Every structure is written in C-alpha cells, then in structure tokens.
Amino acid sequence: MTSYLKIDHVDKIFVRGSLETEVLKDITLGIAKGEFVSIIGHSGCGKTTLLNIVAGLARSTTGGVLLEDREVDEPGPDRAVVFQNHSLLPWLTVYDNVRLAVDKVFSGVKSRAERRAWTMHNLELVQMAHAKDKRPAEISGGMKQRVGLARALAMEPKVLLLDEPFGALDALTRAHLQDSVMAIHQKLCNTVLMITHDVDEAVLLSDRIVMMTNGPAARIGEVLDVPLARPRRRLEVASSPAYLKCRQRVLEFLYERHRFIEAA
Amino acid sequence: MITGSSAIVPRMRESYAMNMPLVQAQPTTMPATTAKVLSLEPKRQALRTRLAARLGDLAVRVVPPIVVIALTLLVWELLCRRAGSTLPPPSRVLNDTWELIVDPFFDRGGLDKGLFWHLSASLQRVGLGYALASFVGVALGTLVGQSTWAMRGLDPIFQVLRTVPPLAWLPLSLAAFRNGQPSAIFVIFITAIWPIIINTAVGIRNIPQDYRNVAAVLRLNHLEFFYKIMVPAAAPYIFTGLRIGIGLSWLAIVAAEMLIGGVGIGFFIWDAWNSSHISEIILALVYVGVIGFVLDRLVAGIARLVTHGTAAN
C-alpha cells in the first residue's frame, strides 16, 4: 500500500552520558491522504516524541518519515503543528500571529492583499476573526488554541499535526473545539495526525486509532478502525453501538492489557 | 497597576454614594419633576466627583513626600544651626548657592562654569559610554545566550571581570588612552556593560522552546529569528540589564571625574571640597540625585513602551 505519510521502522533512543533509554521501538504506520489518525497511549509512552519526529523537531535514531515518498528530516510548514500549549507569540496580536505564518509561507506566491485575506479567512474558519486585534494574554485558553489551529491551517500543510491540542482545556471548551476540528476536517479534507490521551476524543474524531504500549521501548500495540459515518454528531454518535464498541476496545487496551504501572 | 486601581475604586464608590439618595428620592416626589433633575444632576456630579477624585489622588501622592522633605529640612536646620557645626544648615546652603541655582548657564572660561555645563559634560560622557555598552553588551549577551561554546568560554571571564570596581579600571585606561576624556568614557562603558551582557544572555537562554519550535516549523532564517522572536522574547530581560547599567554609569561618573578633572559634576564636587564650599557640594549632590532618578525613569519608561505586551502569560 502506498501511503501519503509513512512512518517507517522508526526507533528512538535517548542517550544521556552512558545512559541509553529506548523510547520508541520499530514504529511503522501509513496514513492515507485525507485520513484522520489518532495516536493514544498513557503519558510518557513517547507519543509526543513520535509526533516531533514526524514534525522534524526531533530525529529518529533509525528509520525515517516519508511524506509523498520523500524523506523529511527537518521541520517545515508542510507539517504544521498545533502545540499542546498554544505557543502563540505573546507580543503579537492574534492577527499578527497568523500573519507571521502566512507571510513566511506565501511570501512569493500571494500579494499583500491576498495574504491579508487568507489570514482573515483562516481566522474566520476557527471563528476567531472578532478577536483579531487582541493579544494572546487577553483571550481564553480555548481561543488561544483556536488561533494556534488557524496558524497551522494557514500554512496549508500537507499533514496537520495536533499534539494533545485540547489537553489543557476544560471539558466544555474541549467539546466545542473538537466540533470545530471535525467541521474543518470535513470541509478541507486535511490529513491529520493527532496525539491524545482522551478515549472519547480519539473515537469521535478519528478514522483510525493507533494504540501504543507503555514505554520504555513503546510499540504500536493495536490499530483500530472507527467505522462511523461522517459527518459525526456528538450526541447521535455517542449512543451508537459502533461508537461504544470502539470505545470499549480502546479502554480494554489501555486499562487491562497495558495498564500504566506507575500511575496505579 | 496600583495607582490605576486606586484611582478607579474611590471614583466608583463616590458616584454610587451620590446616586443613591436621588434614586431613593424618586417615589416621594412627583415623577415629572424628578425626571428632569435626574437627567442633569448625575452628569454634573460625575464630573465633579471625577475632578475631586483626580485631585485627591494627586494629593495622596504628593503630600507625604512634601511633609517628609519639610520635616527633614527642619531637623537638619535645627541640628546645624548651632555655632561650630561642621555642615551648613539648609538656609545657608540656599543663601550660598543662590547664584549657582539662578544662573546655571554662566561661563567665565576655564573651569569656572555654571552647573548646567558641568552636568551636561558628565551626561555626555555617560551617554557615550552607556550607548557603547548597550550596543556591545546586547551583542555579546546574545552570543553568550545563543551559543553554548561562547558561554563556556566567555562566562567565567565575565564573572571575574564584573567584580572589578569601576575605578580600578581608571589607571589602566589612562595608561592606554593617555587622555582623561576617553578614559572616563571607558570607565562608564566597562561599568555598565556587565549587567547588560548577563541579563541579555539570561533572556536569550530563557526563550521558551515553544517559540523556537514555532520558528523551526515556519523555517525562519537567522535574521528573522533574531528580530521576530529573540529580541521581543528577551526584551524584558535586556531592559532590566539596561536599567541597572544606567544606574551604575551614573554612580561611576562622579568618582571618575573627581580623578580625571576637567569640566564635569564629579570635578565640580571635588573642586568645591578643595575650596571648602560645602554648600556647593550639597547643591551638586541634589542635582546628581535628581538626574540619576530621571535617567532611571527614562530607561524604565522606554522599557515599558518597547516591551508592551511581551511578557509571557
């Protein structure tokens, strides 16, 4: 099978002095174009390390990442990241934060007016156009994450990488943002790789869920297809048998077979 | 922050107090007439209360220091009035130096100049030395903050050199430059540069990894990274260093000028001491203090303008 994004036999070993820690072992995963894939696992299993390798922010010890059959080993706007803690630049307004990315990615392609329109378009996509002149400190956590999403979308990435994007938010805000991400995915058909530790979030949003075993030397334990038709509606889906079955499978994997010993 | 909230709170409280009786009075009087009164009164009263609040706020800040200064002068006057006291009382200081106060611009050639000329000579030296120190300090601080090897190599040297007292550099710089003017400027430079270097380096080193990741994903080049991420992210630290630097420069200039001579407030003080004009020394100290205060406020003000909104949340 030819995949759009291919993680090919990736191992990651951290070396500190004479101490070697194997974090990831033989991770192989193919993602098709337009697919929404979640990676779920207990904290410390190396999910974020894996995402950083795909983003190019960290290097794999062996193995590599292929995007459209070309190896990627450094960061770039074709794999835009929405970071766990928004990572907006506090001295720039909401608009300028997104504009910085737009200016950098489309400097030679779009005119000034087009870049402005494209920035506003992406802010509207995440419903943040009303706060364009506010600074990050003046908006709520959920709003910051929306702007982070707008910044990533504005780069028109081939793959959108979400690193536990809603982890720091309260349940209600998280639900709103999940709905936004679903709507955007529906509209733009992005290829998305999302890290999460929330079972419901993984089942609701994903086409496939990749479950990772506990570290050290975390592997892919199981890959689960989520056979739910899109568009999915939170309330309708939550009571459907397929949803509950998927949820059950993930819970069983995480809490029976790969119980997180340190947390117990 | 504190002044802002203290200005708003009393204003709100007073306007409540003013409005309350009017609202309560409404049912007892005829509706038609009260409506007229209500539409006019609150506006005028709001203006009056706001003015009163503003004046009250000003008084709260200005009255205590005036009282303290007056008391200090009174005690000083009483203590130094006795015959045989070594220092002059404030009344005599004022009397002795009245000419210097009213005419700071006279120039009778040589070193017999008004205080304005002495102060401006000192300020020029500080300005030049401090400007050089800011430029070189931020550059070196960036280097040390950004490169681990530069830090390992330079940081121990900086840590040793920064403990050398400013005046200890003066003989060496006199030997090197063979001239008082560049030597004084060098002393200012070497005094101000250490806190600027160290704070800049800390600021650069403390740039959150998140911002570096953002820059990496966007593929910002070195120049873009420098002025789009590094400078704004480190600005609060850099300005802390600059503020400490200006304070130290002004501390060092007086001592340096006492030794190198020529026109300058330091030499003015030394000259006054040699001719036993104690009153002139006291006047000069007041000027030095006030100018030091103004310089500090100036840098703090620029910092507030530049770093507006850069503080991470």
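Below, chain A is the first sequence line, B the second, and so on; all start at residue 1. In this text the structure is predicted, and so the values were computed from the model without any measurement.
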Is any side-chain heavy atom of B:L218 less than 4.5 Å from a side-chain heavy atom of A:M155? yes

Any side-chain heavy-atom pair from A:R151 and B:V214 closer than 4.5 angstrom? yes

Nearest heavy atoms of [X] and [Y], plus distance in Å:
{"X": "B:Y211", "Y": "A:L88", "result": "CE2-O, 3.8 Å"}
{"X": "B:A216", "Y": "A:P75", "result": "O-CB, 3.4 Å"}
{"X": "B:V217", "Y": "A:A80", "result": "CG1-CA, 4.2 Å"}

Kindly compute the distance separating CG (A:D78) from CZ (B:R219), expressed to the nearest 0.5 Å. 6.0 Å

Quick one: pull up CZ in A:F83 and CG in B:N213 and give me the separation to the nearest 0.5 Å. 4.5 Å

Can you pull out every salt bridge (charged side-chain N to carboxylate O under 4.0 Å, His left out) where at least one residue sits in residues 132-157 of chain B? Sequence neighbours excluded, please. none

Would you list the pairs meeting salt bridge (charged side-chain N to carboxylate O under 4.0 Å, His left out) in which at least one residue belongs to residues 43-56 of chain A, sequence neighbours left out? A:K47-A:E164

Are there residues of residues 97-104 of chain A that reach to under 4.5 Å of chain B by heavy atoms, and which ones? A:L100, A:A101, A:K104

With a 4.5 angstrom heavy-atom cut-off, is it the side chain or the backbone of B:Q209 that approaches chain A, or both, or neither? neither

Please check if the number of heavy atoms outside A:H176 that lie under 6.0 Å from its NE2 is greater than 12. no

Could you tell me which residues satisfy side chain to side chain contact (heavy atoms under 4.5 Å, CB included) with B:R162, sequence neighbours excluded, listed by chain and number? B:Q159, B:W194, B:I198

